[in-house]
Amino acid sequence: MARHGDNNQDGEKRGKAMRGRAGRMQGGRGSGRSNKGPVRLWGRHAVEAALKNPNRMHRKLWATREGIASLDGELPEGFNVDYCQPVDLGRLVAKDAPHQGLVLECEPLEDIFLDDVLDEDPSRPIVVLDQVTDPHNVGAILRSAAAFNAAAIITQDRHAPPESGVVAKSASGALEIVPWVRVVNLARALEEIAEAGYWRIGLAGEAEGTLAEALPAGPVALVLGAEGEGMRHNITQHCDALARLPISEAMESLNVSNAAAIALYAAATREIVSDD
């Protein structure tokens, strides 16, 4: 398996730092990124994706022999593996976490900044999350973002979960694929997104128009708020349009990760729909 730095601890050849105005502050990090130390990932998809990610620096793998056998590829010679029983792995992770015989300790991914994301393919949507703090939801949104070829997800440091095993397990490998941009000021980030030519659509149940009606032909940023509270007023003021998903009146709302998946599908298929 390809892995970053061949287990060197100095982190040489790490991925290029991407810096944008909204995400820049002392040390190049946002204000609320709490996991500056090692991160433990578990489960086959999360661990396998991390092992294959050349931008991920690995420290140690605890595993059962069955877990190692389930991986797609071979570990490099001399990789630091500690073979354990399942009960021992259970003590290394959250209670009842489905580790599937694999627990990987690694360094957090390098910060990704906004400017270079905006310089990528503008046909790919961007997902902006306003105070979505549940790591399961953020992980599921990362998975949908990978499935529908989104360019990145953007969160505010202080109102988003840290990189963690729960996020990685819910993302099923997408944490290693989809750029996750953490910014200090989400409103300012939305201004930069607009300056880059993106149409900013906020999903809101009270909106009059539907998402299909609001979607542009060009670059789009989909903005979603936390369940219950929705988007903050200042964030809605930084959207070009508000739109709703046409769900049945029998349901008040959808889980934010489900709403994100539907919105990303709509963005991915809008050209096909318009051609019909």
Visitor: Given Thr64, which partner from the list Asp88, Val103, Leu102, Leu89 fulfils the side-chain contact (heavy atoms from CB on, under 4.5 Å) test?
Guide: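 Answer to the side-chain contact (heavy atoms from CB on, under 4.5 Å) test with Thr64 among Asp88, Val103, Leu102, Leu89: Leu89.
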
Visitor: Can you list every salt bridge (charged side-chain N to carboxylate O under 4.0 Å, His left out) pair that touches residues 198-210, not counting sequence neighbours?
Guide: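 Output for this query lists Arg200-Asp240.
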
Visitor: Just so I know, are the side chains of Arg270 and Pro216 near enough to count as touching, which here means a heavy-atom distance under 4.5 Å?
Guide: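 In contact.
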
Visitor: Considering non-hydrogen atoms only, spot the tightest contact between Pro135 and Pro161 and give its length.
Guide: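 So the minimum-distance heavy-atom pair works out to CA-CG, 3.9 Å.
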
Visitor: Report the relative orientation of the aromatic rings in Tyr265 and Phe148; use parallel for angles under 30°, tilted for 30 to 60°, perpendicular for over 60°.
Guide: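 Judged by the thresholds at 30° and 60°, the geometry between Tyr265 and Phe148 is perpendicular.
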
Visitor: Can you tell which of Glu48, Glu163, Glu110, Glu105 makes a salt bridge (charged side-chain N to carboxylate O under 4.0 Å, His left out) with Arg56?
Guide: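 Of the listed residues Glu48, Glu163, Glu110, Glu105, the salt bridge (charged side-chain N to carboxylate O under 4.0 Å, His left out) partner of Arg56 is Glu163.
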
Visitor: Please assess Arg232 against Gln156 for the test side-chain hydrogen bond (donor to acceptor under 3.5 Å, both in side chains), listing each intermediate value before the final yes or no.
Guide: CA-CA 12 Å; Arg232 291 171 291 171; Gln156 188 173 2; 2.9 Å; yes

Visitor: Strictly below 4.0 Å, N to O, side chains only: are Arg44 and Asp72 in salt-bridge contact?
Guide: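 No, this pair does not count.
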
Visitor: What pairs of residues pass the salt bridge (charged side-chain N to carboxylate O under 4.0 Å, His left out) test when at least one of them lies in residues 134-146, not counting sequence neighbours?
Guide: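 Pairs touching residues 134-146 that pass the test: none.
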
Visitor: Name all residues meeting the side-chain contact (heavy atoms from CB on, under 4.5 Å) criterion together with Ala196; count only those two or more places apart in sequence or in a different chain, and write none if there are none.
Guide: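 Only Leu118, Tyr198 meet the side-chain contact (heavy atoms from CB on, under 4.5 Å) criterion with Ala196.
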
Visitor: Determine the minimum heavy-atom distance between Ala204 and Arg244, stating which atoms define it.
Guide: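 Taking every non-hydrogen atom into account, O-CB, 3.3 Å.
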
Visitor: Going through the checks in order, is the salt bridge (Lys or Arg N to Asp or Glu O under 4.0 Å) test met by Asp111 and Arg182?
Guide: CA-CA 8 Å; Asp111 283 335; Arg182 294 173 177 269; over 6 Å; no

Visitor: Restricting to non-hydrogen atoms, name the atom on Leu175 and the atom on Trp180 that form the minimum distance, rounded to 0.1 Å.
Guide: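 Looking at all heavy atoms of both residues, the shortest contact is CD1-CE3, 3.8 Å.
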
Visitor: Taking the side chain as C-beta and beyond, is there a heavy-atom pair between Lys60 and Asp82 under 4.5 Å?
Guide: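 Side chain of Lys60 against side chain of Asp82, heavy atoms only: contact under 4.5 Å found.
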
